[in-house]
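Labels below follow one simple rule: chain letters A, B, ... track the order of the sequence lines, proteins then strands, and each chain is numbered from 1.
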Amino acid sequence: MGDCIIFTRDMSERKNPYPFDIFEPAWQATWDAEKTFKVLNPGEEGFDASKPKCYILDMFPYPSGAGLHVGHPEGYTATDIVSRYKRMTGFNVLHPMGWDSFGLPAEQYAIKTGQHPSITTYANIDNFRRQLKMLGFSYDWDREIATTDPAYVRWTQWIFLRLYHSYYNEELKKACPVSELEAKGWTREQIDNVRLAYVAEGMVNWSPDMGTVLANEEAEEWKSKGHIVERRKLRQWMLRITAYAERLIDELEPLDWPESIKLLQRNWIGKSTGAEVNFSCNGKTITVYTTRPDTLFGATYMVLSPEHELVNEITTAEQKEAVTAYQAACASKSDLERTESKDKTGVFTGAYAVNPVNGKEIPIWIADYVLTGYGTGAIMAVPAHDSRDYEFAVKFGLPIIQVVQPDNAETPWQDFCGYDGTMVNSEHLNGLSVPEAKQQMIAWLEEKGYGCGKVNYKLRDWLFSRQRYWGEPFPIVWNTKDGNHYAIPESELPLLQPEMEDFKPSGDPRGPLVKATQWIQYSEECTRETNTMPQWAGSCWYYLRYLDPKNEKAFIDPEVEKYWMGGTNPGGVDLYVGGTEHAVLHLLYARFWHKVLYDYGLVSTNEPFNKLVNQGLILGEDSQKMSKSRGNVVNPDDIVREYGADSLRLYEMFMGPLKEVKPWQTKGVEGISRFLARVWRVAMVENQEGEWVLSGKITAEDNDEVTPVRKEVHKTIKKVTEDIEDMSFNTAISKMMECTNAMTSASAVTVSDYVQLLHVLNPFAPHITEELYSVLRKQFTTLPACQLCQQTWPEFNPEYLVENTKEIVIQVNGKLRDKITVAADAPKEELEAAALASTRVQEFTAGKTVRKVIVVPGRLVNIVAN
RNA sequence: GCCGGCUUGGCGGAAUGGUAGACGCGCUCGACUCAAAAUCGAGUUCCACAAGAGUGUGGGUUCGAGUCCCACAGCCGGUACCA
C-alpha cells in the first residue's frame, strides 16, 4: 500500500438518504424464502376456516420484451396495499400473479429475432417476475401461472370443448349439452347450427400483413398501430356470445363497477327494442327491423342493404344494370372506405313494397347505409323522423311525410327524431304520445300478423380463430370423408403446437400450422384443425385457475372454488384492478365464459368480478402518453435503483387519486424519498463510522399520557384505515407525512407510537417499515417477534381524538372575519354571544342591523347583517 | 354527431353545503458549512398594506356553493350510418 489514493465522490454516487439498496433486496429474499404471503386452500393442512376470504386480483400482464412500465406498479401497488391491509385485519387473502403469455406481439417479436416464441416468452416472464419481486408485492408466488404452460393450455382447451359441446337453451336461458338435442333426434347439421362454438363462413377482418383474422373488437386497435385490416370472406370458428347478450346486460346491473364501464359494455352490446314488420313485394315478404314502429305511417320508401338476399329477385330489368354496378362498387370497398364518407349513396331497384298499415306502395332502394349484419338488413325509411333517412330522401327527392308533432312548438318537425311528440297523419295512432303509439302499433302488428315486437343487439358473435402459431390449437379434427368436425377426447389434452422451424404466417388463411404435415395427420381419416385461439382465450379464465393452479384432475376443485369465489351476493373476485383498455374486450369475454361455466355448475357465481376499479393512465412528464417515440417513458428499474422500491410504490400512490389520469414527476419521487428518509431518521442516526444506528429519540417509557404525537398517531390510524377502505391512498400518505413531521419535531417518541406509524405505513412501504421494526426489536425486546405484515392492524383510541377546545369561525354575511377558540362543547348561546362580542365582527356590522345569526356548533357562527 | 369523464396556486393535488389551496414539488429567506450538497426552521393563491378578488364561463338555489340545479365553453377518452 504505497500510494495513498483519495477518492472524490462523484455526485452520481451520492449516498442514499437511507440504505434501501441493502435492505430492500434482503426483505424480498426473506419473503421469498419463508413464503410469507403463501395462502392455503380449504382442505390443506393449517388452513384457517374461521377467517373470511378476500380475493384481490390484478389484471395479469402481457410479458412484453420492453419489461414493466410505470403503469403496471400503479394498479399493482394499490391491490398490494389492500391485500396487506386485509391480511392484517384478519382475512385469508388470495393475491396471485401470472402471465398472459400467448399473443401476437410475442410472435411478431419471435419472427423478428428469429427465436422460437417460447424462448422469448419465458425470458420475458423471468424479467417481469424479477421486476415485480423487486417491488415487494405480496403475491403468493406458488400460484403463478402462464397461459402458455401446457398444464394451463389443457384446461383452456377443456373449456373450449365445453362450449363446443353446448348450445343455448332459450327456455332455460342457459347453456345445455348438445347431447340433449341428439337424444331428441336432431341432425348433425341442426346441432352444428346451435353450438356455442361453431364454424361459419362470413365476412371477417383479415390482416394480410399479419396473416390472420381479427375480432371486431380488435380490428381498430391493430389498424391504429399501422397494420392493414380488410374484409374477407373466410370460414372461421365463432363463439356464440350473442346468446348471452341479454344476460350480459342484465347481470351487469348489481356489480360494483364504475358506471362508465358498465355503460361502455351496455353500448357495446347495444340493446334496442322495436319491431319487425313484414312488407310484401310481388308475393314475397320483406321483413324490416325498426325501433320506431310508431312512425310506420311515415314510411315513404324502403332500403335494403346491397348484400340483401332478395335484391336480385325483386330488381326490375330496367334497373338491373345500375343495381349490379352499385353492388359491385360496395363489395370492392373496404370497411374503412365505407365508413370514411357519410355521403348517402344508393340506387332504386324498380320494385315497390306494400306498407301493411295503409296498403300504400313505396319504392325499394338499395344503399350501403343499411348494414347487412344488423336487424334484417332492411329498413323502412321514415325521412321525417330519422336523420339518415332524411338526408337520403333530400338527396334523391323522395317524399317526406310528417307523423310526429314535437311537443316543443319551436322544434321543426322535419328531421325530428325525439320521443317527446304526438302522433299525426297516422290514423288510429293520432293523438297518442310516441311511447304509447309504439306500444299500440306493436300490438296492432301482432294482432294482424304483420309483424311482432323484437329486441336486437349490436353485439356480434365472437370471431375466435386466428391463423397464428403462438396460440392454443383447437382440440378439433376434421373428417375428410364426411367433412365434419369432431372434438378430440379430453384424454388427449393438452394439444400443443408442433415444434416448427418455420412458424411464420405464409398468407395462407389456414395458418402456419398447415406446414406441420405430420402433426396435422390425426388419423387415416382425420386431419387437425390448424387455426389457433386468440390471446383472449387464456385471459378469459385465469382468475379461476389461480384458485387451484396445480390441480391435474379438474380445472378447479369445487370446494376450493366455492370458498374463494362464493360468499355474499353477488360473490366472485372481491377486488379487480386494471386499466380501462379492457372495458369491452377482456371483461366481456371473461364474463361470457364465466356464465357458461356457471350454467354447468362449475363455478358458484354468475359473474366473475364483483368489484372493478380502473386505475388512471400515467402520462409522461410532458403530460403526453408515454411512448418510445416521444422519449418520455419512465423505466421502473431506474427509479428503484435511484430511490428504492418503497419510494416508487409510495410515489405512484401519492400522485393523485388512483382512478385519475396523472402526469409523472420525477421530482415528486424525490419528495417521497425524503419523506421515507424522515421516517427513517426518527429512529436512526448515522454514527462516526457512517453506520446507521438507533438514535436515543425512541423511548421505551410508555404511559397513558396523551401527548400531541400520540394524538397525531391515532388520527393517522383512523385516517389511513378509512382511506385504504375507499382506496384514497394519496390522502392516507399525506396524513402519514403529517404524523412523521410531528415526530421529527418532537424531542422524544415512544416506541409504541412509532411502531404504530410503521404499522399503518407497512402496506404502502413494506421494506423500510419491516427493516425499522426489526432494528427496534433488538433494543425493545418485548415487541412481538413476527414481521409487521403478520401482525394485527392497529386500532385508534377514540378518546385520544377528543379535543377539549375548538376553533370556531366567525363570518359576517358569509365572509370570514374572525376566529375564536372555545370549549369543544360550548352551547349555541355562548357561541353566538362570543361572536357578537368580537371586535372584528363589530367593525363589520357597524351601522348595520343584525338580521339573523346562524350557529353551527363546533364549526362556525355566521352573522347576517345589513 | 352521439355517449362518458375532467376543468381548483407556478406544478401534482386536498376540501361530510361551513376557514378554499391539506400534503408534496418548485421557489424565497434563515440556521449549519470555508463553501456546496444534504438536513433543519420560516414563508409562499393574486393584488400595494388594509380593503378587495379568487375553484373554466354565465345564471340560479342557500345565511353560506369548488361542492347542489340550469345553460355554455375548453380538454381527454369511447363510439361512429346499428334503423
**Per-nucleotide protein contact string for nucleotides 9-27 of chain B (B base, S sugar-phosphate only, - none; heavy atom under 4.0 Å)** = --SBSSSB-BB--BBSSS-

**Fill in**
In whole angstroms, the gap separating C1' of B:rU79 from CD1 of A:Ile261 amounts to 14 Å

**Prompt:** When rounded to the nearest Å, what value does the distance between C1' atoms of B:rG66 and B:rC6 take?
**Reply:** 14 Å

**Request:** Take the protein atom CG of A:Leu459 and the nucleotide atom P of B:rU79, then report the distance between them rounded to whole Å.
**Result:** 14 Å

**Message:** I want to check one thing: is the phosphate of B:rG4, taken as OP1 and OP2, less than 4.0 Å away from some side-chain N or O of A:Arg266?
**Reply:** no

**Asked** B:rC6 P sits how many Å from A:Leu617 CG, rounded?
**Response** 16 Å

**Prompt:** Within the structure, does a side-chain N or O atom of A:Lys815 lie under 4.0 Å from either OP1 or OP2 of B:rC63?
**Reply:** no

**Asked** Roughly, in whole Å, what's the span from CG in A:Leu585 to P in B:rG78?
**Response** 12 Å

**Prompt:** Is the shortest heavy-atom distance from the side chain of A:Val277 to the side chain of A:Pro356 under 4.5 Å?
**Reply:** yes

**Request:** Kindly assign one of parallel, tilted or perpendicular to the pair A:Tyr589 and A:Trp462, based on the angle between their ring planes and the thresholds 30° and 60°.
**Result:** parallel

**Item:** Gap in Å between the two C1' atoms, one belonging to B:rA31 and one to B:rA38, rounded
**Value:** 14 Å

**Prompt:** Can you tell me how far P in B:rG59 sits from the matching atom in B:rA65, rounded to whole Å?
**Reply:** 14 Å

**Request:** Go through the steps for A:Thr285 and A:Asn278 under the test side chain to side chain donor-acceptor pair (under 3.5 Å), then give the verdict.
**Result:** CA-CA 6 Å; A:Thr285 301; A:Asn278 301 323; over 6 Å; no

**Item:** Distance in angstrom units between A:Asp386 CG and B:rC2 P, rounded
**Value:** 15 Å

**Request:** Would you classify B:rG9 as syn or anti? Syn applies when the glycosidic angle is within 90° of 0.
**Result:** syn

**Request:** Provide the Watson-Crick or G-U wobble partner of B:rU7, both distances under 3.5 Å; none if there is no partner.
**Result:** B:rA73

**Prompt:** Taking atom C1' in both B:rU45 and B:rU55, what distance in whole Å separates the two?
**Reply:** 11 Å

**Prompt:** Would you say A:Tyr643 and A:Thr666 make side-chain contact, with heavy atoms under 4.5 Å?
**Reply:** yes

**Item:** Candidate nucleotides B:rA83, B:rU39, B:rG78, ranked by approach to the side chain of A:Ser272 - the nearest
**Value:** B:rA83

**Message:** Distance check, P atoms only: B:rC3 and B:rG52, in whole angstrom units.
**Reply:** 44 Å

**Asked** So do A:Val357 and A:Met441 actually touch side chain to side chain, heavy atoms under 4.5 Å?
**Response** yes

**Prompt:** Using purine N1 to pyrimidine N3 plus N6-O4 or O6-N4 for Watson-Crick, or N1-O2 and O6-N3 for G-U wobble, each under 3.5 Å, what pairs with B:rU79?
**Reply:** B:rG1

**Fill in**
In Watson-Crick or G-U wobble terms, with both distances under 3.5 Å, the base opposite B:rG43 is B:rC27

**Request:** For the pair A:Lys271 and A:Glu246, find out whether any cationic side-chain nitrogen is under 4.0 Å from an anionic carboxylate oxygen.
**Result:** yes

**Request:** Check whether any side-chain N or O of A:Arg840 sits under 4.0 Å from OP1 or OP2 of B:rA51, and answer yes or no.
**Result:** yes

**Message:** When the P atoms of B:rA20 and B:rG13 are compared, how many Å lie between them, rounded to an integer?
**Reply:** 23 Å

**Request:** Tell me which of A:Lys625 and A:Ala378 sits closer to the 5' end of RNA chain B, going by the nucleotide each one is nearest to.
**Result:** A:Lys625

**Span that lies between the C1' atom of B:rC75 and that of B:rC29, in whole angstrom** = 38 Å

**Request:** Assign the ring pair A:His586 / A:His582 to parallel, tilted or perpendicular, where the plane angle (0 to 90°) is split at 30° and 60°.
**Result:** perpendicular

**Item:** Phosphate OP1/OP2 of B:rA83 contacted by A:Tyr374 side-chain N/O (<4.0 Å)
**Value:** yes

**Prompt:** In whole angstrom, what separates A:Glu581's CD from B:rG5's P?
**Reply:** 20 Å

**Prompt:** Would you call A:Glu738 and A:Lys715 a salt bridge, using N to O less than 4.0 angstrom?
**Reply:** no

**Request:** For B:rU28 versus B:rG78, give the span between their C1' atoms, rounded off to a whole number of Å.
**Result:** 46 Å

**Item:** Between B:rG77 (C1') and A:Asn267 (CG): distance, integer Å
**Value:** 13 Å

**Item:** Spacing of A:Lys662 atom NZ and A:Leu658 atom CG [to the nearest 0.5 Å]
**Value:** 5.5 Å

**Item:** Whole-Å gap separating P (B:rG77) and CH2 (A:Trp268)
**Value:** 17 Å

